[in-house]
Amino acid sequence: MTRYALVMAVVALAAWVFDQLTKIWVVATMTEGQVTDVLPPLLRWHFIRNPGAAFSIGTDYTWIFTIIMVVVSGFLIYLMFRLRSAAWSVALGLVLGGAVGNLTDRLFREPSFGQGHVVDFIAFPNFAIFNIADSCVVSGVILVCLLTLRGINMDGTRATAGKDSTDA
């Protein structure tokens with residue numbers, strides 16, 4: 001395993017553990033639907049179980065999201081062994097950790113295997129309710145976009161006017 005693959009694996013594992021621990025805490029200490037002010041009026045915990053994707057889209061197609069997360073996770077693991085950039089390793093590790101965090105819910109939470117509802121609890125005013133896994137996916141995708149815009153390739157080189165040069 002290369003050091004870049006190791007970085008990605010450690011970031012993904014840390015994201016997954018943090019996500020699962022917060023979900024275990026929410027399920028153990030809150031009742032579904034409960035709202036607790038944390039930093040009023042900006043932040044509160046609002047425990048819901050989401051059968052769909054972002055903004056509860058596709059609630060009748062939970063199994064499709066499970067399949068998509070398995071495919072995405074598999075592709076990210078495939079990419080893990082081809083990375084030669086620490087920044088890309090962190091970015092894709094966040095995406096992988098978040099995807100596996102929500103996949104864990106889909107596989108092992110009620111109502112059934114592969115169709116479990118994701119635990120969401122972080123709420124900002126006039127915005128979706130989400131969790132740590134969602135935050136990791138979004139943060140990772142933002143990093144991927146920034147790396148792409150800066151012209152940094154997954155192999156650590158930088159694209160410059162048709163030429164590639166090594167990026168430290």
Side-chain angles (χ1 to χ4, degrees), residues 1-26 38-39 42-46 48 50 52-58 62 64-107 116-168:
M1 179 178 279
T2 69
R3 68 180 172 136
Y4 303 107
L6 183 60
V7 167
M8 183 175 165
V10 168
V11 169
L13 180 63
W16 178 78
V17 167
F18 186 43
D19 174 66
Q20 291 302 301
L21 288 175
T22 58
K23 290 173 179 175
I24 289 167
W25 169 74
V26 166
V38 178
L39 294 170
L42 297 176
L43 175 65
R44 61 184 173 179
W45 301 151
H46 183 172
I48 64 166
N50 184 355
F55 305 101
S56 295
I57 295 169
T62 301
I64 292 175
F65 300 121
T66 302
I67 293 169
I68 290 169
M69 283 187 269
V70 167
V71 170
V72 166
S73 298
F75 181 68
L76 290 171
I77 291 168
Y78 166 80
L79 288 178
M80 180 166 58
F81 298 100
R82 283 146 185 78
L83 293 174
R84 299 293 178 264
S85 164
W88 275 94
S89 297
V90 170
L92 295 181
L94 286 168
V95 175
L96 178 60
V100 173
N102 283 337
L103 178 60
T104 301
D105 286 10
R106 296 277 182 223
L107 293 176
H117 296 181
V118 173
V119 171
D120 287 335
F121 63 95
I122 303 169
F124 291 110
N126 304 311
F127 194 69
I129 302 170
F130 57 100
N131 58 43
I132 299 299
D134 299 332
S135 299
C136 289
V137 169
V138 169
S139 298
V141 169
I142 289 170
L143 286 173
V144 165
C145 291
L146 291 173
L147 290 167
T148 302
L149 289 172
R150 290 191 59 216
I152 299 172
N153 300 316
M154 284 194 287
D155 65 0
T157 60
R158 180 177 287 236
T160 55
K163 299 179 187 176
D164 285 342
S165 61
T166 304
D167 182 42

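Residue numbers run from 1 in the order of the sequence given. If you're wondering where the values come from, they're calculated on a predicted model, not measured in any experiment.
Side chains of Val7 and Thr2 form no contact here, defined as non-hydrogen atoms less than 4.5 Å apart. Under the 4.5 Å side-chain criterion, counting only non-hydrogen atoms from C-beta, Met8 is not in contact with Val90.
The CE atom of Met154 lies 6.5 Å from the CG atom of Leu83; values are rounded to the nearest 0.5 Å. Interatomic distance, CG of Asn153 versus OG of Ser85, reported as 9.0 Å (0.5 Å rounding). Taking CG of Leu92 as the start and CD1 of Ile77 as the end, the distance is 12.0 Å to the nearest 0.5 Å. Remark: Ile122 CD1 to Ile132 CD1 distance equals 4.0 Å, nearest 0.5 Å. Atom CG of residue Leu103 and atom CH2 of residue Trp16 lie 11.0 Å apart, to the nearest 0.5 angstrom.
Counting only residues at least two apart or in different chains, ring pair (Phe, Tyr, Trp, His ring centres under 6.0 Å) contacts with residues 130-160 comprise Phe124-Phe130.
With Asp155 contributing its side chain and Arg84 its backbone, the two residues share no donor-acceptor pair below 3.5 Å.
Under the side-chain contact (heavy atoms from CB on, under 4.5 Å) criterion, Val17 pairs with Leu13, Leu21, sequence neighbours left out. Looking at residues two or more places apart in sequence or on another chain, you find a side-chain contact (heavy atoms from CB on, under 4.5 Å) between Ala123 and Arg44, His46, Ile129. Not counting sequence neighbours, Ser73 has no partner by the side chain to side chain donor-acceptor pair (under 3.5 Å) test. Val72 pairs by the side-chain contact (heavy atoms from CB on, under 4.5 Å) definition with Ile68, Leu76, not counting sequence neighbours. Partners of Phe18 by ring-ring contact (aromatic ring centres under 6.0 Å, His included), not counting sequence neighbours: none found. With sequence neighbours left out, Asp19 forms a side chain to side chain donor-acceptor pair (under 3.5 Å) with Lys23. Contacts of Arg3 classified as side chain to side chain donor-acceptor pair (under 3.5 Å), with partners at least two apart in sequence or in another chain: none. Residues passing the ring-ring contact (aromatic ring centres under 6.0 Å, His included) test with Tyr4, sequence neighbours excluded: none. A search for side chain to side chain donor-acceptor pair (under 3.5 Å) contacts involving Trp88 returns nothing, not counting sequence neighbours.
Here the shortest heavy-atom pairing between Cys136 and Ala15 reads SG-CB, 3.6 Å. Across all their heavy atoms, Met69 and Arg106 have their closest contact at CE-CG, 3.3 Å.
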Side chains of residues 138-147: which donor-acceptor pairs under 3.5 Å do they make with residues two or more places apart or in other chains?
from	atom 1	to	atom 2	distance (Å)
Ser139	OG	Ser135	O	2.8

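Counting heavy-atom neighbours within 6.0 Å of Phe75 CZ, excluding the residue itself, gives a total of 12 or less.
Counting only N and O atoms by type, the side chains of Asn131 and Asn102 include a donor and acceptor under 3.5 Å apart.
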